[in-house]
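See below for the structure under consideration.
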Amino acid sequence: MANSITIPSACDFHLHVRQDEMMRMVTPKVPEGGVSVAYIMPNTVPPIKTTDQALAYKKELEALAPQVTFYMTLYLSPELTVEEIRKASKAGVAGVKSYPRGVTTNSDSGIESYEIYYPIFKAMEEEGMVLNLHGEIPSDPTNDICVMNAEERFLPQLEKIHKAFPKLKIVLEHATSKAAVEMVKSLGDTVGCSITVHHLQLIVDDWAGQPHHFCKPVAKFPHDRDALREVVSSGHPRFFLGTDSAPHPAHAKEGARACAGVFTTPLVLPYLAKIFEEIGCLDKLENFACHFGSQFYGLSQKEGFEHRKVTLVKETNTVVPENYPVSASNAEAGVVIPFLTGRDLGWKIASNYY
């Protein structure tokens, strides 16, 4: 087994960097984790619903991490118009994100029905924009729907949208189940799927009672994790990295109602090297993290930053930090607990250069 690998810097096609103090802490850590292309989620407060808001947000992020290529998205909502889609496309906004109402962080403005958005989807199809789907439906005890089957119950909706708009690029975000993997594989080449770092590692036992492993969608059964690992091991080109790294202060994760989200941004490639080595497919890491996503989206690094390389080396005592302070000057802002805190990853980034 290799003791070092050098690969292009990674493309993260699902990332939350938040706002204000949290944004200022998280955004510079994107390149530290070996990532140079970041596809940014719009579920801020308020949500990013217009082109002008997306461009203003992008400007803030570029000031904090100028070496990263940021791609922006809009939040699917009733206010979104066909005219705004045309404007967003011309401005370089890459996609539109759909959140079912109430299923995850800042999704209170999420949607309940897709048919009313078909004119939007048609315009997106024409403009070459991507539809990003948080693939769950809200819990409903009367219909036996909860966090463990909310993704599987959503999948017919994915199939329906794809059949209605076969040329529309659709990404099923952060897949967690065997059913999701099989559905994406069964559909056409315009349907892709992002997979997170943490879902390649966790099962339900790992987050039940452990708030810092709690995310939406939740990690599922061992056979579901096996399906995710098998599809990345196979080198399927429509399955690619989208970390869904989602920071929250520790007090928000450890409260009576834990916020959903796992924070992986500072160590994306070391986490992946550990996992891919453990499952015997370290040779598949480069395509999964660096190429398949950008090929599906048709997006790349901005001019002048195309040749960045990252070298990872095996090294013991490469321990994940206990926490990351949200603010150096404001202790009340709290700390963020990273994924696998205190664990020895066995891999670290030795160089991260152009």
Side-chain angles (χ1 to χ4, degrees), residues 13-14 39 41-43 47-49 71-86 88-89 93-104 107 109-140 143 145 149-196 216-217 227 231 236-240 242 244 292-293 295-299:
F13 278 97
H14 186 137
Y39 192 82
M41 294 296 104
N43 60 329
I48 304 296
K49 295 183 178 181
Y71 288 102
M72 311 310 289
T73 59
L74 301 183
Y75 193 113
L76 186 63
S77 67
E79 299 95 319
L80 190 58
T81 65
V82 168
E83 292 73 24
E84 191 66 28
I85 288 295
R86 307 284 189 209
S89 177
V93 175
V96 174
K97 179 63 182 284
S98 164
Y99 291 93
R101 190 182 302 278
V103 300
T104 192
S107 63
S109 299
I111 70 169
E112 296 176 346
S113 171
Y114 286 95
E115 285 78 4
I116 63 170
Y117 293 104
Y118 276 17
I120 299 295
F121 296 164
K122 181 62 176 175
M124 291 175 61
E125 187 177 51
E126 292 168 354
E127 295 290 337
M129 293 179 72
V130 176
L131 175 62
N132 299 92
L133 297 175
H134 182 117
E136 293 186 287
I137 60 175
S139 293
D140 181 359
N143 288 303
I145 299 169
N149 63 1
E151 181 177 88
E152 188 166 357
R153 294 291 190 96
F154 172 85
L155 296 176
Q157 193 65 252
L158 166 64
E159 185 175 27
K160 181 179 178 180
I161 297 171
H162 172 58
K163 287 183 176 179
F165 302 96
K167 295 181 180 179
L168 173 65
K169 285 188 178 182
I170 303 172
V171 175
L172 179 66
E173 302 277 28
H174 41 51
T176 64
S177 63
K178 181 178 181 179
V181 170
E182 294 305 317
M183 175 61 78
V184 170
K185 288 167 68 174
S186 76
L187 300 178
D189 289 345
T190 54
V191 179
C193 181
S194 65
I195 296 177
T196 75
K216 289 287 194 74
V231 80
H236 195 299
R238 288 189 285 121
F239 293 80
F240 44 79
D244 191 21
F292 288 161
Q295 289 167 2
F296 180 87
Y297 276 86
L299 300 174

query = Can you check whether L131 reaches I120 side chain to side chain, under 4.5 Å on heavy atoms?
reply = no
message = Between L187 and L158, is there a side-chain heavy-atom distance shorter than 4.5 Å?
response = yes
query = Going through the checks in order, is the side chain to side chain contact (heavy atoms under 4.5 Å, CB included) test met by V96 and I85?
reply = CA-CA 9 Å; V96 174; I85 288 295; 3.7 Å; yes
key: Audit row: Y71, Y297, ring-ring contact (aromatic ring centres under 6.0 Å, His included) steps and yes/no   = CA-CA 11 Å; Y71 288 102; Y297 276 86; 8.3 Å; no
query = So how far is it from M183 CE to Q157 CD, rounded to the nearest 0.5 Å?
reply = 11.0 Å
task = Can you measure from CG (N143) to CZ (R153) and round to the nearest 0.5 angstrom?
result = 7.0 Å
key: L74 vs I48 side-chain heavy atoms within contact, under 4.5 Å   = yes
inquiry  = Tell me which pairs pass salt bridge (charged side-chain N to carboxylate O under 4.0 Å, His left out) where either residue lies in residues 74-85, with sequence neighbours left out.
reply    = K49-E79
request  = Classify the angle between the aromatic ring planes of Y114 and F121 as parallel (below 30°), tilted (30 to 60°) or perpendicular (above 60°).
outcome  = tilted
ask   = What orientation do F165 and Y118 show, parallel under 30°, tilted 30 to 60°, or perpendicular over 60°?
value = perpendicular
task = For the residue pair H134 and H174, categorise the inter-ring angle as parallel (less than 30°), tilted (30 to 60°) or perpendicular (more than 60°).
result = perpendicular
ask   = Run the side-chain hydrogen bond (donor to acceptor under 3.5 Å, both in side chains) check on S177 and E151 step by step: do they pass?
value = CA-CA 8 Å; S177 63; E151 181 177 88; 2.5 Å; yes
task = Could you walk me through whether Y99 and K216 pass side chain to side chain contact (heavy atoms under 4.5 Å, CB included), step by step?
result = CA-CA 11 Å; Y99 291 93; K216 289 287 194 74; over 6 Å; no
request  = Give a yes or no answer on whether the side chain of T190 reaches the backbone of P166 with a donor-acceptor pair at less than 3.5 Å.
outcome  = yes
inquiry  = If you compare all heavy atoms of Y75 against all heavy atoms of P47, which two are closest, and at what distance to 0.1 Å?
reply    = CD1-CB, 3.4 Å
request  = Starting at CD1 of I161, measure out to CD of E115 and round the result to the nearest 0.5 Å.
outcome  = 8.0 Å
task = Return the set of residues passing side chain to side chain donor-acceptor pair (under 3.5 Å) with D189 (not counting sequence neighbours), or none when no residue passes.
result = none
request  = Taking all non-hydrogen atoms of both residues into account, name the closest pair between L172 and G135 and its distance.
outcome  = CD1-CA, 3.8 Å
remark   = Here the pair of heavy atoms bringing R238 nearest to V184 is NH1-O, 2.9 Å
query = If you look at every heavy atom in L299 and A94, which pair is closest and at what distance?
reply = CD1-CB, 3.9 Å
key: H162 side chain to G188 backbone, donor-acceptor under 3.5 Å   = yes
query = Roughly how far, to the nearest 0.5 Å, is CD of E127 from NZ of K122?
reply = 12.0 Å
message = For a 4.5 angstrom cut-off between non-hydrogen side-chain atoms, does T73 reach P42?
response = yes
key: Sub-4.5 Å side-chain heavy-atom contact between M124 and L168   = yes
key: Under the ring-ring contact (aromatic ring centres under 6.0 Å, His included) test, residues paired with H236 that sit two or more places apart   = F239
ask   = Heavy atoms, side chains only, cut-off 4.5 Å: are T196 and H14 in contact?
value = no
Nearest-0.5 Å distance that lies between atom CG in L76 and atom NZ in K97 = 11.0 Å
ask   = Do the two ring centres, one from F13 and one from F296, sit under 6.0 Å apart?
value = no
query = Any salt bridge between E152 and K178, counting N to O under 4.0 Å?
reply = no
task = Would you name the heavy atoms of S194 and V171 that are closest together and state the gap between them?
result = N-CG1, 3.9 Å
